[in-house]
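Data first, discussion second: the structure below is written as structure tokens.
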Number of protein chains: 2
Amino acid sequence: MKFDDKVPIYYQIKQYIYREIIIEHLKPGQQIPAVRQLAVTLTVNVNTIQRALSELIDEDVLVSKRGKGNFVTEDTEVLKNLKKRTVEEQVSNLYDNLTALRISPDKMLTYLENYINSRKEANHD
Amino acid sequence: MKFDDKVPIYYQIKQYIYREIIIEHLKPGQQIPAVRQLAVTLTVNVNTIQRALSELIDEDVLVSKRGKGNFVTEDTEVLKNLKKRTVEEQVSNLYDNLTALRISPDKMLTYLENYINSRKEANHD
DNA sequence: AATAGTGTAATAGTTATCTAGTACACTGCA
DNA sequence: TGCAGTGTACTAGATAACTATTACACTATT
């Protein structure tokens, strides 16, 4: 997996697992891959995986069962909030950064619309 | 200044200066604050400021005149690209991250629109 | 010439992150 | 019971980023 060298890897792994859960590639109650397997898949050290997972466990997004594995929580409230929070973070991020560039909300929408259209055309290969 | 502890400070300072230039708080050809002054303003070490500035100089965004100071480039092409690139990075970032969450372009626009409206209302205090 | 203000360079010490390696603890199954 | 598969803990070393400090080089002004 390719990582942004400006952000800690363990942090990017957290984001990755958030995504996997949100798109239900990992479903509520499902066992996630073993730490040693994740380390291989993501080409990262086990300790780094563990660093990410232990934080996700603290956040009640994952549940650890010693000797068995790590599992996605079944708490629908936590999962609902996870998705909501993650999406909102992205949107507010764009809003804040473009506002700092003195770009009006109307222009933001236009820029996003234009970008979407450019991506559509790019796919017509 | 408040920094995100997940991203190197020197890198965030680069972004800060990009912003200052884009919104023309720092104008083409204008001298920017002295490194020691920036260090105080941003509550950061001079070396960290220097790390950021030297990269901006390498990128031809700033021009260094030894003994005199650092100045914003007057190369309008560079400045135009800087703005374009910075804005596009933000937009493509949102697009990519929300796409990874399986969110359709239509929904992206809706989310952004809703967020903008919620911010408008929040300001009606 | 001296000085104040500027950028630049270099060293040393601290902290966070990441890696490598080893060891230990629990679970389920043969 | 033994073993394979799981999570967990700990130590040690490497690297990047940041800080603190000192020193040096150039420019403009007095």
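Every chain is numbered from 1, with letters handed out A, B, ... down the list of sequences. In this text the structure is predicted, and so the values were computed from the model without any measurement.
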Quick test of your reading: applying ring-ring contact (aromatic ring centres under 6.0 Å, His included), list the pairs with at least one residue in residues 60-88 of chain B, sequence neighbours left out, ordered by first then second residue. none
May I ask you to list the residues of residues 52-71 of chain B, by number, that have any heavy atom positioned under 4.0 Å from an atom of DNA chain C? B/Ser64, B/Arg66, B/Gly67, B/Lys68, B/Gly69, B/Asn70
side-chain hydrogen bond (donor to acceptor under 3.5 Å, both in side chains): pairs with one or both residues in residues 32-48 of chain A, sequence neighbours excluded: A/Gln37-A/Thr41, A/Asn45-A/Asn47
Residue pairs fulfilling side-chain hydrogen bond (donor to acceptor under 3.5 Å, both in side chains) with at least one residue in residues 18-35 of chain A, sequence neighbours excluded: A/Tyr18-A/Glu59, A/Glu20-A/His25
Just by distance, do the side chain of B/Gln12 and the backbone of B/Val7 share a donor-acceptor pair under 3.5 Å? yes
Starting from the first five and the last five pairs of the helix from C/dA1-D/dT30 to C/dA30-D/dT1, work out the angle between the resulting helix axes, to 10 degrees. 0°
Output all residues satisfying side-chain hydrogen bond (donor to acceptor under 3.5 Å, both in side chains) with [X], sequence neighbours left out; order by chain, then residue number.
X	value
A/Asn114	none
A/Asn81	none
B/Tyr10	B/Arg51

Pairs of donor and acceptor atoms involving the side chains of residues 99-106 of chain B, under 3.5 Å and at least two apart or interchain, shall be tabulated with distances.
{"unit_1": "B/Thr99", "atom_1": "OG1", "unit_2": "B/Tyr95", "atom_2": "O", "d": "2.6"}
{"unit_1": "B/Ser104", "atom_1": "OG", "unit_2": "B/Lys107", "atom_2": "N", "d": "3.2"}

More than 12 foreign heavy atoms under 6.0 Å from NZ of B/Lys14: is that the case here? yes
Count the heavy atoms belonging to other residues, nucleotides or ligands that lie under 6.0 Å from NZ of A/Lys80, then report whether that count exceeds 12. no
Qualifying residue, where the test is side chain to side chain contact (heavy atoms under 4.5 Å, CB included) with A/Val61 and the options are A/Asp75, A/Val72, A/Leu82: A/Leu82
To the nearest Å, give me how far apart CD (B/Gln31) and P (D/dT27) are. 14 Å
Could you run through nucleotides 13-23 of chain D and give me one letter per nucleotide, 5' to 3': B if any protein heavy atom sits under 4.0 Å from the base, S if only the sugar-phosphate is that close, - if neither? ----SSBBB-B
Contacted region of DNA chain C by chain B, from 5' end to 3' end of the hits, cut-off under 4.0 Å to heavy atoms, spans C/dG5 to C/dA10
Can you pull the salt bridge (charged side-chain N to carboxylate O under 4.0 Å, His left out) pairs that have at least one residue in residues 88-99 of chain A, sequence neighbours excluded? A/Arg85-A/Glu89, A/Asp96-B/Arg119
